[in-house]
2 protein chains.
Amino acid sequence: PSFIGKLAMMLDDQTAAPYVAWSSTGDSIIVINPSLFATQVLPRYFKHSNFASFVRQLNLYGFHKTSQESETCEFAHPMF
Amino acid sequence: PSFIGKLAMMLDDQTAAPYVAWSSTGDSIIVINPSLFATQVLPRYFKHSNFASFVRQLNLYGFHKTSQESETCEFAHPMF
DNA sequence: GGGAATATTCCC
DNA sequence: GGGAATATTCCC
């Protein structure tokens, strides 16, 4: 599966829910704790565990960061 | 390290010796059992365990297959 | 946040 | 065996 396919699988994965989820409005992705998410979840779906590489892919596929806090991280897509 | 750096490390790695080595003439690389090499050695150095991906990199860096047998696999570099 | 380099995959 | 697409890294 492509990046978008893996992103969908990840957001569907109950064991990943503590680390990443759709926002309550359903129009963006929230990463609850980027560094834990990177080590615990990323390697299950990608060939790396770097949050920056995940963000690079999000950006390539049209997502951009919307929240300003550093602890949680939210990405919206203009199509929503 | 780059691909060539990892290749050098791998050929230096005693635990990898049963799977991959310099030829006796020192001018090419011999993979003794490609499928075992792929599963046992590749993931220690690269983000995959596919022999074809390793060969793709060898080709990109100027190595080409010289032996015809399928069980062992030899790659020479024109610089040697 | 994204351009470019390199790695990995896919396909001919 | 290599071109092209995609992923990952590196760097600005």
Whole-Å distance between [N] [atom2] and [X] [atom1]?
X       : N      : atom1 : atom2 : result
A:Lys47 : C:dC10 : NZ    : C1'   : 13 Å
A:Tyr45 : D:dA7  : OH    : P     : 16 Å
A:His48 : D:dC10 : NE2   : P     : 12 Å
A:Phe51 : D:dA7  : CZ    : P     : 17 Å
A:Leu58 : D:dA7  : CG    : P     : 12 Å
A:Lys6  : D:dT8  : NZ    : C1'   : 11 Å
A:Phe63 : C:dG2  : CZ    : P     : 13 Å
B:Gln57 : D:dA7  : CD    : P     : 17 Å

Pairs flagged by salt bridge (Lys or Arg N to Asp or Glu O under 4.0 Å) wherever residues 26-43 of chain B is involved - sequence neighbours left out = none
Taking the side chain of [X] as its heavy atoms from C-beta onward, which of [options] lies nearest to it?
X       : options             : answer
A:Phe46 : C:dG1, C:dA7, D:dT8 : D:dT8
A:Asn59 : D:dT8, D:dG1, C:dG2 : C:dG2
A:Asn50 : C:dT9, C:dG1, D:dT9 : D:dT9
B:Tyr61 : C:dG1, D:dA7, C:dA7 : C:dA7

task = Fit a plane to each ring of B:Phe54 and B:Phe3, take the angle between them on a 0 to 90° scale, and name the class: parallel (under 30°), tilted (30 to 60°) or perpendicular (over 60°).
result = tilted
key: Residue pairs involving residues 6-34 of chain B (criterion ring-ring contact (aromatic ring centres under 6.0 Å, His included); sequence neighbours excluded)   = none
When the side chains of residues 34-42 of chain B are checked against the rest of the protein, which donor-acceptor pairs come out under 3.5 Å, sequence neighbours left out?
from: B:Ser35; atom 1: OG; to: B:Asn33; atom 2: OD1; distance (Å): 3.3
from: B:Thr39; atom 1: OG1; to: B:Ser35; atom 2: O; distance (Å): 3.4
from: B:Thr39; atom 1: OG1; to: B:Leu36; atom 2: O; distance (Å): 3.2

Kindly list each side-chain donor-acceptor pair under 3.5 angstrom involving residues 5-18 of chain A, sequence neighbours excluded, with atom names and distances?
from: A:Lys6; atom 1: NZ; to: A:Tyr45; atom 2: O; distance (Å): 3.3
from: A:Asp13; atom 1: OD1; to: A:Thr15; atom 2: N; distance (Å): 2.8
from: A:Asp13; atom 1: OD1; to: A:Thr15; atom 2: OG1; distance (Å): 2.8
from: A:Asp13; atom 1: OD2; to: A:Thr15; atom 2: OG1; distance (Å): 3.3
from: A:Asp13; atom 1: OD2; to: A:Arg44; atom 2: NH1; distance (Å): 3.2
from: A:Asp13; atom 1: OD2; to: A:Tyr45; atom 2: OH; distance (Å): 2.6
from: A:Thr15; atom 1: OG1; to: A:Arg44; atom 2: NH1; distance (Å): 2.7

query = Think A:Ser53 has a side-chain N or O under 4.0 angstrom from the OP1 or OP2 of D:dT9?
reply = yes
key: Minimum heavy-atom distance A:Ser49-A:Pro43, with the two atoms named   = CB-CD, 4.0 Å
Partners meeting side-chain hydrogen bond (donor to acceptor under 3.5 Å, both in side chains) with B:Ser53 (sequence neighbours left out) = none
Check nucleotides 3-5 of chain C against the protein and report each pair of N or O atoms closer than 3.5 Å, with its distance, or say if there are none.
from: C:dG3; atom 1: N7; to: A:Arg56; atom 2: NH2; distance (Å): 2.8
from: C:dG3; atom 1: O6; to: A:Arg56; atom 2: NE; distance (Å): 2.9

request  = With DNA chain C as reference, determine whether A:Pro1 or A:His64 sits nearer its 5' end, using the nearest nucleotide of each.
outcome  = A:His64
